[in-house]
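Model, not experiment: these values are computed from the prediction.
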Amino acid sequence: MKDKKSIIIYFSRADENYAVGYIEKGNTEVIAEYIRDLTGADMFKVERKEPYAKDYQTCIEEAQVEQNNNERPELLHTLESIDEYEVIYIGSPVWWGILPQPMVTQLEKLNFEGKTVRVFTTHEGSGLGSIPSQIKRICKGANVLEDGLAIRGSTVNNSKNRVEDWV
Ligand SMILES: Cc1cc2nc3c(=O)[nH]c(=O)nc-3n(C[C@H](O)[C@H](O)[C@H](O)COP(=O)(O)O)c2cc1C
């Protein structure tokens with residue numbers, strides 16, 4: 001897997017978060033960077049054009065409305081193609097069991113036919129949630145491997161060994 005050209009597509013939110021207070025780098029981004037260091041994969045960070053609020057409670061409210069309405073929020077930058085890659089790592093926090101909506105906006109724009117997909121999440125109890133099945137639905141034609149990696153957000157700084165084993 002390490003020899004194949006790969007990219008990590010991920011969402012991660014810094015600022016105030018559950019169980020960790022204010023953080024300068026999001027939990028999922030920490031894991032994405034471990035994977036990059038281990039594989040040499042390219043990285044693409046999915047960012048909402050209008051950032052979520054910095055405080056946790058307001059962010060929760062914004063995200064809840066967006067998810068309930070199944071919105072496709074606009075992105076700051078869009079990844080147009082993954083044609084040059086064989087392996088796609090998809091990384092995300094778990095938001096009420098599923099992907100934050102900006103990830104849906106991005107993933108729906110890409111052609112996953114024939115790609116190998118590896119899923120990782122950070123969470124505070126939900127594990128992978130329904131994200132693998134959601135990704136299978138969105139990323140049509142991909143071979144989504146069953147061995148997703150779920151890491152508790154508050155432990156990312158001690159998780160390098162687990163990530164290494166998984167990679
Ligand atoms: C809007 C929102 C919803 C969340 N929903 C869940 C959830 O359903 N299950 C869970 O285990 N953690 C949930 N969390 C916690 C995050 O998944 C966890 O803190 C994660 O590590 C954040 O990753 P990030 O720092 O990369 O954004 C939620 C956090 C936010 C902000």
Below 4.5 Å, heavy atoms only, C-beta onward: do Lys45 and Tyr10 meet side chain to side chain?
yes
Using a 4.5 Å cut-off on heavy atoms from C-beta on, say whether the side chain of Val46 contacts that of Leu107.
no
To the nearest 0.5 Å, atom SG of Cys59 lies from atom CD of Gln64 at 11.0 Å
For Tyr85, what residues pass the side chain to side chain donor-acceptor pair (under 3.5 Å) criterion, not counting sequence neighbours?
Asp42
With Arg48, which residues qualify under side chain to side chain donor-acceptor pair (under 3.5 Å), at least two apart?
Glu66
Set of salt bridge (Lys or Arg N to Asp or Glu O under 4.0 Å) partners for Glu50, sequence neighbours left out:
none
Look up atom CH2 in Trp166 and atom CD1 in Ile35, then write down how far apart they are to the nearest 0.5 Å.
4.5 Å
Under the side-chain contact (heavy atoms from CB on, under 4.5 Å) rule, collect the residues that match up with Lys25, sequence neighbours excluded.
Glu29, Val30, Glu33
Same cluster or not: Leu38 versus Ile31, using hydrophobic residues (I, L, V, M, F, W, Y) connected whenever any side-chain heavy atoms lie under 4.5 Å apart?
yes
Do Thr39 and Tyr89 pass the side-chain contact (heavy atoms from CB on, under 4.5 Å) test, and can you show the C-alpha distance, the side-chain angles, and the key distance before you say yes or no?
CA-CA 11 Å; Thr39 61; Tyr89 293 89; 3.7 Å; yes
Thr105 side-chain N/O to Pro73 backbone N/O, donor-acceptor pair under 3.5 Å
yes
Pairs involving residues 150-162, ordered by first then second residue, that meet salt bridge (Lys or Arg N to Asp or Glu O under 4.0 Å) (sequence neighbours left out):
Glu124-Arg152
What distance do Lys109 atom NZ and Ile82 atom CD1 have between them, rounded to the nearest 0.5 Å?
14.0 Å
Using atom types as modelled, flag every donor-acceptor pair under 3.5 Å from a side chain in residues 92-104 to any protein atom, sequence neighbours excluded.
unit_1: Gln101; atom_1: NE2; unit_2: Asn70; atom_2: OD1; d: 3.4
unit_1: Gln101; atom_1: NE2; unit_2: Glu71; atom_2: O; d: 2.8

How long is the span from the CD atom in Glu84 to the OG atom in Ser6, to the nearest 0.5 Å?
10.5 Å
What's the shortest heavy-atom distance between Ser159 and Ile151, and which atoms?
OG-CG2, 3.4 Å
Ignoring hydrogens and angles, tell me if any N or O in the side chain of Gln106 forms a donor-acceptor pair with the backbone of Leu79 under 3.5 Å.
yes
Side chain to side chain donor-acceptor pair (under 3.5 Å) partners of Thr28, counting only residues at least two apart
Thr122
Partners of Glu108 by salt bridge (Lys or Arg N to Asp or Glu O under 4.0 Å), sequence neighbours excluded?
Arg72
Do the side chains of Phe44 and His77 get nearer than 4.5 Å, heavy atoms only?
yes
By side-chain contact (heavy atoms from CB on, under 4.5 Å) - contacts of Ala53 (at least two apart):
Asp55, Thr58, Glu62
Listed by chain and number, what are the side chain to side chain donor-acceptor pair (under 3.5 Å) partners of Tyr34, not counting sequence neighbours?
none
In terms of relative ring orientation, are Tyr18 and Tyr56 parallel, tilted or perpendicular, with 30° and 60° separating the classes?
tilted
Show me, pair by pair, the donor-acceptor contacts under 3.5 angstrom made by side chains of residues 136-150, not counting sequence neighbours?
unit_1: Lys136; atom_1: NZ; unit_2: Glu146; atom_2: OE2; d: 3.0
unit_1: Lys140; atom_1: NZ; unit_2: Arg137; atom_2: O; d: 3.3
unit_1: Asp147; atom_1: OD2; unit_2: Arg118; atom_2: NH2; d: 2.6

Mind checking the CD1-OG spacing from Ile23 to Ser12? Nearest 0.5 Å is all I need.
7.0 Å
Closest heavy-atom pair, Thr121 versus Gly127, reported as atoms and distance to 0.1 Å, is OG1-O, 3.0 Å
Ile7-Val167 co-clustered via ILVMFWY side chain contacts under 4.5 Å
no
Flag the pair Leu110 / Ile9 as yes when at least one side-chain heavy-atom distance between them is below 4.5 Å, and no otherwise.
yes
State which residues pass salt bridge (Lys or Arg N to Asp or Glu O under 4.0 Å) with Glu47; sequence neighbours excluded, sorted by chain then number.
none
So if you build clusters from Ile, Leu, Val, Met, Phe, Trp, Tyr with side-chain heavy-atom gaps below 4.5 Å, do Phe112 and Phe120 land together?
no
